[in-house]
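Input: a single structure, listed below in structure tokens.
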Amino acid sequence: MYQALDFEAPILELEGKIEELRHISGGSNVNIADEVDKLQNKVSKLLKQIYGKLTPYQKIQVARHPQRPRLKDFIQGFVQDFVPLAGDRLFAEDQAIIGGIGRIKGYAAVIIGHERGSDTESRLRHNFGMARPEGYRKAQRLMDLADRLKLPVICLVDTAGAYPGLDAETRGQAEAIARSIEKCLTIKTPLISIITGEGGSGGAIALAVADQIFMFEHAVYSVISAEGCASILWRSADYKVTAAEALKLTAQDLLKLKVIDGIIPEPLGGAHRVPQEAIHKLSDTLERALKELIGVDGSVLREKRRAKFIEMGRVGIVG
Amino acid sequence: MNWLRDFVKPKIRALVSKKNVPDDLWTKCSNCEQMIFHRELASNLQVCPHCSYHMRMNATSRLQMLFDNAEYRIIEFPTGLADPLKFKDTKKYTDRLKENRAKTNNQDAIIAAHGKMGGVGVVIAAFDFDFMGGSMSIATGEALLSASRLAILQQAPLIVIPASGGARMQEGILSLMQMARTVAAIQEVKEAGLPYIVLLADPTYGGVSASFAMLGDIAISEPGAMIGFAGRRVIQETIREKLPNDFQKAEYLLDHGMIDMVVTRRELRPMMIKILSLLQNKTPSAQVLAIKKK
Ligand SMILES: [Zn+2]
């Protein structure tokens with residue numbers, strides 16, 4: 001069953017009507033088919049209208065939609081011969097981050113990403129995509145592997161943030177994230193990151209210090225969640241909508257701020273409505289980026305990556 | 001790259017030694033609640049003489065405490081009234097900046113300086129928690145970058161003293177990007193073969209602990225300093241369990257292998273000088289050789 005978001009109520013209403021008509025007619029009456037077409041057009045129009053000007057907070061809702069394609073869907077969708085690789089070789093296997101080797105449009109690559117899960121059982125197993133230090137250390141290990149064997153690294157980012165737990169802190173959550181950033185800036189192999197859903201703070205940037213960074217049209221990427229920001233700066237989570245606007249966390253804002261390199265368009269009504277289309281678009285983007293980056297000298301790649309981040313965020317600096 | 005020009009050019013001005021006279025002559029220790037006279041507290045490096053509680057220290061006091069004869073030169077870094085997101089919560093970010101500049105006399109939440117420690121040239125960048133909770137801004141990133149590049153130019157070790165609640169929300173994603181930026185900056189220092197020492201001061205959290213702060217060649221902290229990624233309250237709300245009393249304290253991190261040592265404030269300077277000497281003077285000195293000959 002489709003889980004509608006609050007602002008989708010008018011769409012849902014129309015779709016309900018279509019369902020009703022179909023039910024009554026049993027698919028035989030031509031006149032009703034015309035009516036259905038008309039309503040369908042209305043739905044498309046409405047989707048275009050609503051999704052064409054989503055507010056930042058509505059984008060957060062879309063980015064967190066439970067039916068939005070997850071890492072598993074992307075891997076199944078466009079990675080051939082995926083071989084998952086487990087463990088950080090230090091303490092544990094953390095399923096909040098999944099990694100492995102596979103082939104994308106013919107290119108062998110290391111694929112790493114947050115997995116949030118899609119039902120209660122898998123959500124618990126993947127800890128809702130909130131990684132512990134082991135997840136980030138596994139990512140570092142796989143980046144090293146890619147570096148040594150000259151494979152490009154693809155990171156798919158979708159997390160509310162790193163897991164804020166007692167065990168995670170005790171085993172060095174901050175250190176694990178810091179080392180991941182350092183690793184991203186060290187490897188001499190192409191590194192491409194895509195924010196597919198929610199890019200939550202340090203837990204996201206740990207996998208997103210890349211040569212090229214893309215975001216889905218309705219993905220968000222932020223230093224803190226809108227709710228967290230509201231409760232600290234406005235002293236009430238009720239201001240989450242205001243905070244979402246102030247934080248400039250949409251793909252469109254981030255492209256303007258030159259924090260990302262491109263936006264991947266989503267199907268009408270968001271990736272969760274037509275996941276297959278979103279999956280195809282992403283694989284096309286990856287193919288283009290891989291073609292561009294593979295073959296570039298590793299030292300040059302790394303130098304450019306570092307320079308990119310050194311220059312990034314100098315916006316507004318008055319020399 | 002235009003970096004050489006960028007940081008050689010900024011005027012490096014000498015510190016004006018202006019004695020800060022505190023408004024209150026007496027301070028109450030937040031640990032043992034004893035009253036301490038301000039002169040006694042200052043001469044004791046902001047450590048309670050009754051219970052040894054280490055109080056927070058601002059950036060200027062840190063620099064005065066560490067450099068030989070409290071002499072150093074401040075490295076100026078570009079700031080300006082940067083407000084890239086035109087951010088406004090209950091107050092405008094530009095107003096907050098102005099207020100904090102007036103309050104602390106600093107341009108942003110960091111002071112970077114160079115001078116000598118035990119006769120060895122060093123660059124030190126100290127965060128100022130009094131300036132918006134020591135939060136990491138584009139300007140603090142800029143200061144760390146300038147400090148790193150001056151260290152390389154002078155072939156001097158880099159010492160960084162974070163004291164920060166984490167990222168500066170008012171700079172949004174650009175604050176988050178400082179994590180990558182500062183890591184890239186210290187990577188240059190490391191690759192130049194220079195020591196990078198971090199003194200994790202109370203408190204070190206969030207985007208600061210999860211970037212340059214946790215990447216020191218040597219990681220030092222002070223008794224009782226709080227260090228972590230997520231704050232205590234957030235963790236408590238997530239796991240709904242009681243946290244150990246010493247959780248996220250420097251001693252707890254030491255026990256769990258996350259830092260090298262916990263050093264009292266009084267012993268910090270001698271310890272750092274010893275480390276710097278070991279890392280910078282790697283062969284027998286003329287004096288030692290002369291003694292051996294005898
Ligand atoms: Zn006391």
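Chain A is the first sequence line, chain B the second, and so forth, proteins listed ahead of strands; every chain is numbered from 1. All values reported here derive from a predicted model rather than from experimental measurement.
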Exercise. Name the member of B/Met214, B/Glu241, B/Gln187 that forms the most heavy-atom pairs with chain A at distances under 4.5 Å.
Key: B/Gln187
Quiz item: Do you know which of A/Ala208, A/Ala162, A/Pro164 has the most heavy-atom pairs with chain B at a distance under 4.5 angstrom?
Solution: A/Pro164
Practice problem: Evaluate the salt bridge (charged side-chain N to carboxylate O under 4.0 Å, His left out) criterion for residues B/Glu191 and A/Arg306: first the C-alpha distance (whole Å), next the side-chain angles of each, then the deciding distance (0.1 Å), finally the verdict. | Solution: CA-CA 13 Å; B/Glu191 281 172 13; A/Arg306 288 179 180 181; 2.9 Å; yes
Self-check item: Stepwise side chain to side chain donor-acceptor pair (under 3.5 Å) check, B/Gln248 with A/Glu169
Solution: CA-CA 8 Å; B/Gln248 292 188 327; A/Glu169 288 288 324; 2.9 Å; yes
Quiz item: Does the pair B/Ile173 and A/Leu249 meet the rule for a side-chain contact (heavy atoms from CB on, under 4.5 Å), with working shown?
Solution: CA-CA 7 Å; B/Ile173 194 79; A/Leu249 42 66; over 6 Å; no
Quiz item: Counting a contact as any heavy-atom pair under 4.5 Å apart, which residues of residues 188-206 of chain A contact chain B?
Solution: A/Ser201, A/Gly202, A/Ile205
Practice problem: Heavy-atom pairs under 4.5 Å with chain A are the metric here; pick the option from B/Pro244, B/Ala184, B/Gly206, B/Gly166 that has the most. | Solution: B/Ala184
Quiz item: Is it the backbone or the side chain of A/Thr242 that comes under 4.5 Å from a heavy atom of chain B, or both, or neither?
Solution: neither
Exercise. Find the distance between CG (B/Leu215) and CD (A/Glu175) and round it off to the nearest 0.5 Å.
Key: 7.0 Å
Exercise. Could you tell me which non-hydrogen atom of B/Ser211 sits nearest to which non-hydrogen atom of A/Ala178, and how far apart they are?
Key: O-CB, 3.3 Å
Exercise. Kindly check if the number of other-residue, nucleotide or ligand heavy atoms within 6.0 Å of NZ (B/Lys92) is above 12?
Key: no
Exercise. Indicate the atoms forming the closest heavy-atom contact of A/Phe309 with B/Ala180, along with that distance.
Key: CD2-CB, 3.5 Å
Self-check item: Distance (rounded to the nearest 0.5 Å) between A/Thr170 OG1 and B/His256 NE2
Solution: 5.0 Å
Quiz item: Side chains of A/Val259 and B/Met177: does their closest heavy-atom pair fall under 4.5 Å?
Solution: yes
Quiz item: Where on B/Lys242 is there a heavy atom nearer than 4.5 Å to chain A: the side chain, the backbone, both, or neither?
Solution: neither
Practice problem: Using a strict 4.0 Å threshold on nitrogen-to-oxygen distance, state whether B/Lys88 and A/Glu245 make a salt bridge. | Solution: no
Quiz item: Would one find more than 12 heavy atoms of other residues, nucleotides or ligands at under 6.0 Å from atom CZ of A/Arg235?
Solution: no
Self-check item: A/Tyr163 versus B/Thr238, side-chain donor and acceptor atoms under 3.5 Å
Solution: no
Quiz prompt | Contacts of residues 218-226 of chain B with chain A (heavy atom under 4.5 Å) | solution = none
Quiz item: From B/Ile186 CD1 over to A/Glu182 CD, what is the distance, rounded to the nearest 0.5 angstrom?
Solution: 6.0 Å
Quiz item: Going by the ring pair (Phe, Tyr, Trp, His ring centres under 6.0 Å) test, which pairs reach into residues 169-215 of chain B, not counting sequence neighbours?
Solution: B/Phe127-B/Phe212
Quiz item: Given that the side chain runs from C-beta out, which part of A/Arg305 has a heavy atom under 4.5 Å from chain B: side chain, backbone, both or neither?
Solution: neither
Quiz item: For atom OH of A/Tyr239, is the number of surrounding heavy atoms from other residues, nucleotides or ligands below 6.0 Å larger than 12?
Solution: no
Practice problem: List the steps, then state whether side-chain contact (heavy atoms from CB on, under 4.5 Å) holds for A/Leu233 with B/Gln170. | Solution: CA-CA 9 Å; A/Leu233 292 183; B/Gln170 291 87 347; 3.7 Å; yes
Quiz item: How long is the span from the CD atom in B/Glu142 to the CD1 atom in A/Ile310, to the nearest 0.5 Å?
Solution: 9.5 Å
Quiz prompt | Where A/Trp234 and B/Asp89 come nearest, the two heavy atoms and their spacing | solution = CZ2-CA, 3.3 Å
Practice problem: Please assess B/Met179 against A/Ile177 for the test side-chain contact (heavy atoms from CB on, under 4.5 Å), listing each intermediate value before the final yes or no. | Solution: CA-CA 10 Å; B/Met179 292 173 74; A/Ile177 293 171; 4.1 Å; yes
Quiz item: Which region of A/Ile224, side chain (C-beta onward) or backbone (N, CA, C, O), has a non-hydrogen atom less than 4.5 Å from a non-hydrogen atom of chain B, or is it both or neither?
Solution: side chain
Quiz item: Could you state the interatomic distance from CD (A/Gln173) to CE (B/Met258), rounded to the nearest 0.5 Å?
Solution: 10.0 Å
Exercise. Return the minimal non-hydrogen interatomic distance between A/Ile181 and B/Ala210, and the atom names on each side.
Key: CD1-O, 3.8 Å
Self-check item: For the student: nearest non-hydrogen atoms of B/Gln178 and A/Met312, plus distance
Solution: NE2-O, 4.4 Å
Quiz item: So which pairs with a foot in residues 196-216 of chain B pass salt bridge (Lys or Arg N to Asp or Glu O under 4.0 Å), sequence neighbours left out?
Solution: B/Arg56-B/Asp202
Quiz item: What's the shortest heavy-atom distance between A/Leu166 and B/Ile239, and which atoms?
Solution: CB-CD1, 3.7 Å
Self-check item: Rounded distance (nearest 0.5 Å) linking atom CG of B/Leu85 with atom CG of A/Leu247
Solution: 8.0 Å
